[in-house]
Structure formats: structure tokens, C-alpha cells
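In what follows, a single structure is set out as C-alpha cells and then discussed.
Please read all numbers here as calculations on a predicted model, not as lab measurements.
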Amino acid sequence: MAGLVFADAHCHTNPVKGLGMKNIASKFKENNGWFLSIVGLSPWSYDITPSYEGYLKTFDLVIRECRIAKEYGLETACIVGIHPADIDKLVYRYNMKIGEAYNLALRVLDKAIELCKNGVINGIGEEGRPHYKIDPVFVVASELILMRAMEAAKDYDCIIHMHLEQGSNVTVLSVDKLAGLIGAPKKRLLFHHTRPGLTEHVIAEGYWATIPGIEPVLRIIFDRVEPKFMVESDYIDDPRRPGVVVYPWEMINNELRLLEKGVLSEELLYKVNVDNIVEFYGVNPL
């Protein structure tokens with residue numbers, strides 16, 4: 001147990017309002033963390049105006065947080081993009097027209113694609129569809145953005161973190177149809193924050209998944225599904241919602257608790273925390 005190391009396959013940090021990477025990296029490292037996939041937040045999370053230039057400032061913040069994590073000896077993946085929930089917020093909260101919001105989202109995504117193509121970042125995300133009830137036009141706009149991201153996966157081998165509804169096989173079949181039409185490789189498409197009822201279908205269709213590192217989900221997924229997935233904290237680093245979804249170090253404790261109970265084996269934990277991370281993210285193995 002002492003030799004086990006742990007990865008967080010999808011988390012957020014907020015150096016403006018939250019703990020920021022300097023605090024997160026040190027505590028994660030103390031708990032035998034070795035890898036963090038750091039995903040950007042929307043501009044308003046950092047008190048940045050959501051203009052094109054504002055989104056680029058958020059990209060710079062994420063890239064800086066990745067650099068800090070590396071200074072603490074952590075391997076990282078740096079992921080930026082435009083969240084599918086942003087488009088309706090740009091319309092309802094910032095009074096943009098739907099076409100204006102879509103064009104901004106597309107421009108922001110194209111910048112992320114350029115950064116990925118040039119090796120500045122490791123992948124794009126989160127792209128996908130809103131997971132809540134919303135006017136269908138926003139689902140359509142978000143899906144168009146997702147398709148553009150899939151083109152980057154095909155053309156430039158970019159990793160895509162997908163934020164989607166928990167729609168069982170329907171969610172997976174719809175993504176599979178889009179990916180097939182575009183020619184996006186399954187090995188580069190990650191279904192982020194999947195839960196029981198979705199994860200099984202994601203893995204069965206040959207895609208990657210990250211599951212939230214909370215004990216009930218870990219217990220069910222490890223029991224039901226071939227370990228072709230990774231574990232994420234999906235920590236949002238928001239002081240108004242402390243510990244949501246789970247602190248990265250608490251995620252580690254949850255995995256260790258299930259190991260001590262005999263629910264998980266060290267081999268399984270190594271598979272999801274090291275082997276799968278190396279395979280999907282292309283980072284150097286330990």
C-alpha cells in the first residue's frame with residue numbers, strides 16, 4: 001500500500017478565488033499523488049469578463065497552474081476549451097444573441113485547437129452538451145462545437161474531454177455516430193464524469209471514461225466495469241462550494257478505504273491510476 005500512487009484525471013483549480021495549484025499540488029503530492037489533469041474554468045469563475053480576450057486570459061491561468069504543478073514534481077495534462085454550459089450563460093447572463101455566443105465559442109475553441117496543435121496544451125475541454133434542461137438551440141450550438149473539437153482529435157491527435165448528459169446508451173450512441181461521421185479516433189475521446197448507468201456503455205463501445213472519486217461510485221463501477229477508465233475529483237476549487245465534487249486528496253482516501261475493505265486490489269488501483277493514465281495522456285510512466 002505504501003508504494004501506491006494516485007492520479008486525478010480531471011480537476012479544476014482557481015488561483016483567483018480558491019486554493020490554487022500551489023496549495024493543491026503540495027497536498028496532493030503529500031498523499032502520493034503523481035498526475036493531475038488540469039481543466040480550465042469559465043471566465044466568470046475567475047472574475048474575468050467573457051470576451052474573446054477574457055477566455056484567452058483563462059487559458060493563460062490554466063497553463064500557469066500546470067507549470068506550477070510541474071514545479072512540485074507532478075506530471076500534468078493541460079486542458080482548455082469552452083464549456084457547453086457557457087453558451088446559454090453568454091445569452092441569458094451577458095445578453096448576447098445566440099449567433100454571437102456561438103461565434104465567440106467557436107473562435108475560443110479554434111484558439112484552443114491552435115494551442116493543442118502547437119503542443120502548448122495537451123487537450124481540449126470541456127466540450128459536449130448541457131446536462132440540464134435548456135432551450136434546444138443551446139444543445140444544438142454546443143453539439144456543433146463538440147463536432148469541431150472532434151475534428152481536432154482527428155486532424156491533430158488532440159485529447160477531448162467531453163461533458164455530456166448521463167443518458168445511458170443513448171448518450172454513447174449519439175457521440176459514436178458523430179465521431180464516426182467525422183473520423184475522430186475513439187482513443188482520443190474521453191467521457192468525463194460518468195456514473196453508473198453510463199460508464200458501462202462508454203467502456204463497451206471502446207471509449208475512455210473518468211468516474212468521480214466518491215466512494216459509492218467507485219464501489220459500483222469497479223465491481224461492474226472493465227477497468228478501462230480513470231478516476232477524477234472534478235474538484236472545482238470554489239470557496240462557495242468547498243470540496244465539490246471531492247477534494248483530490250479525499251478521492252485518494254476513498255480509494256484507499258475501499259482497498260482496506262478488500263473491495264479493490266492494488267493491481268486494479270495501479271491499472272487506473274498509472275497504466276491508463278500513461279496510455280491515454282501519453283505521459284512518462286513512473
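Panel note: side chain Thr171, backbone Glu165; a donor-acceptor pair is recorded below 3.5 Å. Here the side chain of Glu127 pairs a donor or acceptor atom with the backbone of Ile82 at under 3.5 angstrom. In terms of modelled atom types and a separation under 3.5 Å, the side chain of Ser45 and the main chain of Leu41 share no donor-acceptor contact. With hydrogens and angles ignored, the 3.5 Å screen pairs no side-chain donor or acceptor of Asn31 with any backbone N or O of Gly33. Using modelled atom types, one side-chain atom of Asp8 and one backbone atom of His10 make a donor-acceptor pair closer than 3.5 Å. In this structure, Ser142 contributes its side chain and Arg129 its backbone to no donor-acceptor pair below 3.5 Å. Counting only distance, with no hydrogens or angles, the side chain of Glu205 and the backbone of Val202 share no donor-acceptor pair below 3.5 Å.
With a 4.5 Å cut-off on side-chain heavy atoms, Val274 and Val5 count as touching. Using a 4.5 Å cut-off on side-chain heavy atoms (C-beta onward), Lys261 and Arg219 make contact. Two residues are said to be in side-chain contact when any heavy atoms from C-beta on lie closer than 4.5 Å; Leu90 and Pro50 meet this criterion. With contacts defined as side-chain heavy-atom distances shorter than 4.5 Å, the pair Phe280/Asp275 does not qualify. Contact of the Glu126 side chain with the Met162 side chain is not registered, since no non-hydrogen atoms from C-beta on lie closer than 4.5 Å. In this structure the side chain of Arg188 never reaches within 4.5 angstrom of the side chain of Trp208, judged on heavy atoms. Between Leu218 and Val263, the closest side-chain pair of non-hydrogen atoms is not below 4.5 Å. A 4.5 Å side-chain heavy-atom check between Arg148 and Leu106 finds at least one atom pair inside the cut-off.
At a cut-off of 3.5 Å, with distance as the only test, a side-chain donor of His12 or Asp234 sits close to an acceptor on the other residue. Between the side chains of Asp86 and Tyr55, at least one donor N or O lies within less than 3.5 Å of an accepting N or O.
Criterion: ILVMFWY side-chain heavy atoms under 4.5 Å apart, direct or through other members. Under it, Met251 and Leu259 are part of a common hydrophobic cluster. Note on Leu173: it does not cluster hydrophobically with Leu198, by side-chain heavy-atom contacts below 4.5 Å among ILVMFWY residues. Clustering ILVMFWY residues whenever any of their side-chain heavy atoms sit less than 4.5 angstrom apart, transitively, puts Phe229 in the very cluster that holds Leu189. In terms of hydrophobic clustering, with Ile, Leu, Val, Met, Phe, Trp and Tyr side chains grouped at heavy-atom distances under 4.5 Å, Ile87 and Leu104 are assigned to a common cluster. Linking ILVMFWY side-chain heavy atoms closer than 4.5 Å, directly or via other members, places Ile79 and Leu74 in two distinct hydrophobic clusters.
When the side-chain contact (heavy atoms from CB on, under 4.5 Å) test is applied to Thr210, the partners found at least two apart in sequence or on another chain are Ala9, Leu190, His192, Met230, Glu232. Under the salt bridge (charged side-chain N to carboxylate O under 4.0 Å, His left out) criterion, Lys89 pairs with no residue at all, not counting sequence neighbours. Residues satisfying the side-chain contact (heavy atoms from CB on, under 4.5 Å) test with Lys187, not counting sequence neighbours, are Asp157, Pro185. For Tyr102, there are no ring-ring contact (aromatic ring centres under 6.0 Å, His included) partners at least two apart in sequence or on another chain. With sequence neighbours excluded, the residues satisfying ring-ring contact (aromatic ring centres under 6.0 Å, His included) with Tyr207 are Phe191. The side-chain contact (heavy atoms from CB on, under 4.5 Å) test applied to Glu100 returns Met96, Lys97, not counting sequence neighbours. Every side-chain contact (heavy atoms from CB on, under 4.5 Å) that Ala7 has, sequence neighbours left out, goes to Trp34, Phe35, Asn273, Ile277. Taking the ring-ring contact (aromatic ring centres under 6.0 Å, His included) definition, one finds that His193 meets it with nothing, sequence neighbours left out.
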Less than 3.5 Å apart, which donor and acceptor atoms pair up between the side chains of residues 15-27 and the rest of the protein, not counting sequence neighbours?
from	atom 1	to	atom 2	distance (Å)
Lys17	NZ	Asp47	OD1	3.0
Asn23	ND2	Leu19	O	2.7
Ser26	OG	Lys22	O	3.3
Ser26	OG	Asn23	O	3.0

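Note on Glu53 versus Lys57: no salt bridge recorded, every NZ/NE/NH1/NH2 to OD/OE distance being 4.0 Å or above. Checked for salt-bridge contact, Lys271 and Glu226 miss the test: no charged N lies under 4.0 Å from a carboxylate O. Of the charged side-chain nitrogens involved, none lies within less than 4.0 Å of a carboxylate oxygen, so that Arg93 and Asp88 do not count as a salt-bridged pair. Ion pairing between Lys154 and Glu151 fails under the 4.0 Å rule for side-chain N and carboxylate O.
Atoms CG and SG, from Leu36 and Cys11 in turn, are 4.5 Å apart once rounded to the nearest 0.5 Å. With rounding to the nearest 0.5 angstrom, the CD1 atom of Ile121 is 12.0 Å from the OG1 atom of Thr76.
Of all heavy-atom pairs spanning Ala209 and Ile203, the tightest one is CB-CD1, 4.1 Å. Ile98 and Ala141 get closest at one heavy-atom pair: CD1-CB, 4.4 Å. Ile221 and Arg195 get closest at one heavy-atom pair: CD1-C, 4.2 Å.
Applying the side-chain hydrogen bond (donor to acceptor under 3.5 Å, both in side chains) definition to pairs two or more places apart or across chains, those involving residues 62-73 are Thr13-Glu65. Contacts classified as disulfide bond (SG atoms under 2.5 Å apart) and involving residues 174-285 (residues at least two apart or in different chains) are not found. Contacts classified as ring-ring contact (aromatic ring centres under 6.0 Å, His included) and involving residues 130-157 (residues at least two apart or in different chains) are given here: Tyr92-Phe138, His131-His163.
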Audit row: Leu164, Val175, side-chain contact (heavy atoms from CB on, under 4.5 Å) steps and yes/no: CA-CA 9 Å; Leu164 297 156; Val175 168; 3.7 Å; yes

Stepwise side-chain hydrogen bond (donor to acceptor under 3.5 Å, both in side chains) check, Tyr46 with Thr58: CA-CA 8 Å; Tyr46 310 107; Thr58 72; 6.0 Å; no

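Between Tyr247 and Trp249, the ring planes lie parallel to each other; the angle is under 30°, not in the 30° to 60° tilted range.
Enclosure of atom NZ in Lys117 is not indicated, since only 12 or fewer non-hydrogen atoms of other residues, nucleotides or ligands lie within 6.0 angstrom.
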